[in-house]
> 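Okay, here's the structure, questions in a sec.
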Amino acid sequence: MISPELAARIRRLHFAEHWKVGTICSELGVHHDTVRRALALERVSGTGVKSVRPTLLDAYKDFIQATLEAHPRLTAMRLFHMVKARGYVGGPLQVRRYVRTVRPTSRAEAFLRRSTLLGEEAQVDWGHFGTLSVGNTRRPLCCFVMVLGHSRALYARFFLDMTLESFLRGHVLAFQALGGVPRALLYDNLKSVVLERAGDAIRFHPRLLELAGHYHFAPKPCAPYRGNEKGKVERTIRYLRDSFFAARTFSGVDDLNAQAARWAAEVAHARQLPGDVTGRTVATALEEERPRLLPLPAHPFPTDVVRPVASGKTPYVRFDSNDYSIPHTLVKKPLTLVASETRVRVLDGSQEVASHPRCFEKGRTLEQPGHLAALADAKARAHELRGRDLLRASCQQAEGFLAALAQRDVSLSHHTAQLLKLLTLHGARALDEALAEALRKGAVSAPAVAHLLEQRARRQRQPPPLTVVLPDDPRIAASRTRPHSLADYDRLLNKDSADDDSTR
């Protein structure tokens, strides 16, 4: 509000001294709007009646008042656009000023105190507690909280995510810890609970309905934007944050959950029951409420992650940004992955084919030694078979020679490896002739073939073959190339020798 003294001084400087608005603002240290409001005040006549100047907004004031009565929280800018669409040609400033004078004042809302019968209701919600470093990864640290409405007994469990499976697992563990199931659970409108909602028409998540059917409780989402309906769990999360989590040190989520369980038993349940004048503790009220809870079923509800998976070219399946090994014989085959808090299992039908400890880091590769050993054996076997195929493709006599080797009590792979070395050193033609000669003489072995090749080289006065030294890279050592004839190079050498003789 502008004081009368300040308004009079502003009006005198403007109308009597003819100062501009900006000059008055600089002189008095006030805002432009303050000066304009003071200049907009009408002179008071001698009769004490103010003269009202008509404005562009006058025709729309009744519409603005009626609209605000129906929608008290409507913004001034929204009202400006509404009257502008109806012909108003002024600016938004007049609308804002008028709305401030006619907007209905909000009244403080009063709430009823909710009393809960024994075993009748519990409230459930998530609490956010920052992040936790797990190896090379920062994971969100979230706490599932359930509070019994009558005894205020609580169950708190920390997780590294807020997935549906963790939400369901929190229910199962809470029912076991509290010793029974309340008849109704009150939720916020979480996606794990409510998929769609139009007023009172609610489409629940099918997995939550399965959980409710297994434990015989009724899920009840509270009204939208009505957090007061589950105020007990909201206050419990704040109590958990202040009384337990603040300034606490822990080595991991398992250690944190162990400390939370001790704190609940020794501190939270040992405190006096809120609102009780008889001095009862929460633990005493829980013992009174527990017989009224619904009994637990014979088997807990399964909460593991179950999803179809398939690997690519390599024998790994991906889950939660990590790779888990599988037998190489199941590559690209549809499988089923089952993940709990501690294990990741892979099933082929009903048969378990892989089991790994679950990793909560990201970008890790977890392998079973048996999977890698079987793959290495298969690769070695395939390498040996490729070597035999190379010999058969290079030498016509290789098929008969290998068949004769197979009838002997010798290592076929060892002789094949030696024959491949001879193929690289002497070429396909020389090796084929040596194989034929060895078969005629009945000397069926790789050393015998090597001896025949050496004798042939000495007779032809050929230089000894040079051994090619390759790097230790296994990809180079495992590669196979078909040798080519070097006769063209020999002809070039012979031609150069003839040219030298002619020049002499």
Side-chain angles (χ1 to χ4, degrees), residues 1-112 128 188-191 194-203 221-231 234 238:
M1 295 296 292
I2 304 174
S3 64
E5 294 81 3
L6 179 59
R9 187 177 180 185
I10 291 173
R11 294 177 65 82
R12 180 181 63 80
L13 292 174
H14 181 74
F15 293 110
E17 304 296 338
H18 305 290
W19 285 20
K20 294 182 179 180
V21 172
T23 306
I24 298 174
C25 293
S26 301
E27 176 67 21
L28 302 181
V30 294
H31 197 268
H32 292 75
D33 289 344
T34 303
V35 176
R36 292 191 180 97
R37 282 198 295 272
L39 298 178
L41 295 174
E42 298 297 330
R43 292 187 176 88
V44 179
S45 64
T47 59
V49 180
K50 293 182 180 180
S51 61
V52 180
R53 221 171 23 176
T55 65
L56 297 174
L57 192 63
D58 288 345
Y60 305 94
K61 289 181 177 180
D62 292 339
F63 170 78
I64 292 175
Q65 290 185 15
T67 305
L68 283 175
E69 289 177 2
H71 307 281
R73 300 178 64 87
L74 207 61
T75 64
M77 282 304 297
R78 176 63 184 136
L79 288 166
F80 165 70
H81 289 298
M82 292 175 71
V83 296
K84 185 178 180 180
R86 289 163 172 79
Y88 174 64
V89 295
L93 184 60
Q94 279 187 315
V95 178
R96 286 198 185 99
R97 290 172 176 170
Y98 182 69
V99 167
R100 278 199 295 266
T101 63
V102 298
R103 184 188 296 278
T105 57
S106 59
R107 293 176 297 178
E109 185 177 0
F111 299 98
L112 294 172
H128 299 269
D188 204 347
N189 288 270
L190 303 168
K191 284 297 182 182
V194 178
L195 294 181
E196 287 183 292
R197 180 167 190 163
D200 293 334
I202 300 172
R203 184 163 73 92
C222 63
Y225 310 108
R226 290 288 179 176
N228 60 286
E229 295 185 4
K230 57 180 185 63
E234 298 283 357
R238 186 166 60 248

> For T55, which residues count as a side-chain hydrogen bond (donor to acceptor under 3.5 Å, both in side chains) partner, sequence neighbours excluded?
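Checked T55 against side-chain hydrogen bond (donor to acceptor under 3.5 Å, both in side chains); matches are D58.
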> Heavy-atom distance under 4.5 Å between the side chains of M82 and L74, does that happen here?
yes
> Kindly write out the residues that satisfy side-chain hydrogen bond (donor to acceptor under 3.5 Å, both in side chains) with E5, not counting sequence neighbours, or none if the list is empty.
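Listed in chain order: nothing, the list is empty.
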> What pair of heavy atoms forms the shortest contact from L28 to R9, and how long is it?
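Reported closest heavy-atom pair: CD2-CZ, 3.4 Å.
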> For P221, does its backbone N or O pair with a side-chain atom of D188 as donor and acceptor, under 3.5 Å?
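Answer holds: no.
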> So how far is it from I202 CD1 to E196 CD, rounded to the nearest 0.5 Å?
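That separation rounds to 12.0 Å.
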> Tell me every residue that passes side chain to side chain contact (heavy atoms under 4.5 Å, CB included) with Q65, counting only those two or more places apart in sequence or in another chain.
Y98, V102
> Test of understanding: with side-chain hydrogen bond (donor to acceptor under 3.5 Å, both in side chains), list the residues that count as partners of E27, not counting sequence neighbours.
none
> Name all residues meeting the side chain to side chain contact (heavy atoms under 4.5 Å, CB included) criterion together with H31; count only those two or more places apart in sequence or in a different chain, and write none if there are none.
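Checked H31 against side chain to side chain contact (heavy atoms under 4.5 Å, CB included); matches are D33, T34.
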> Kindly write out the residues that satisfy side chain to side chain contact (heavy atoms under 4.5 Å, CB included) with R73, not counting sequence neighbours, or none if the list is empty.
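Side chain to side chain contact (heavy atoms under 4.5 Å, CB included) list for R73, sorted by chain: empty.
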> My understanding is that only residues two or more places apart in sequence, or in another chain, count here; which of them pass ring pair (Phe, Tyr, Trp, His ring centres under 6.0 Å) with Y88?
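Expected list: Y60.
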> Output every pair passing salt bridge (charged side-chain N to carboxylate O under 4.0 Å, His left out) with a member in residues 74-103, not counting sequence neighbours, ordered by first then second residue.
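Checked against salt bridge (charged side-chain N to carboxylate O under 4.0 Å, His left out) - neighbours excluded - no pair reaches residues 74-103.
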> Can you confirm whether L68 sits close enough to L79 that some side-chain heavy atom of one is under 4.5 Å from a side-chain heavy atom of the other?
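When only atoms from C-beta onward are counted, L79 and L68 do touch, with a gap below 4.5 Å.
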> Which atom names give the shortest non-hydrogen contact between I10 and I24, and what distance separates them?
O-CD1, 3.9 Å
> Kindly give the heavy-atom pair with the smallest separation between P72 and P104, and that separation in Å.
CB-CG, 4.4 Å
> According to side chain to side chain contact (heavy atoms under 4.5 Å, CB included), who are the partners of E17, at least two apart in sequence or on a separate chain?
R12, L13, W19
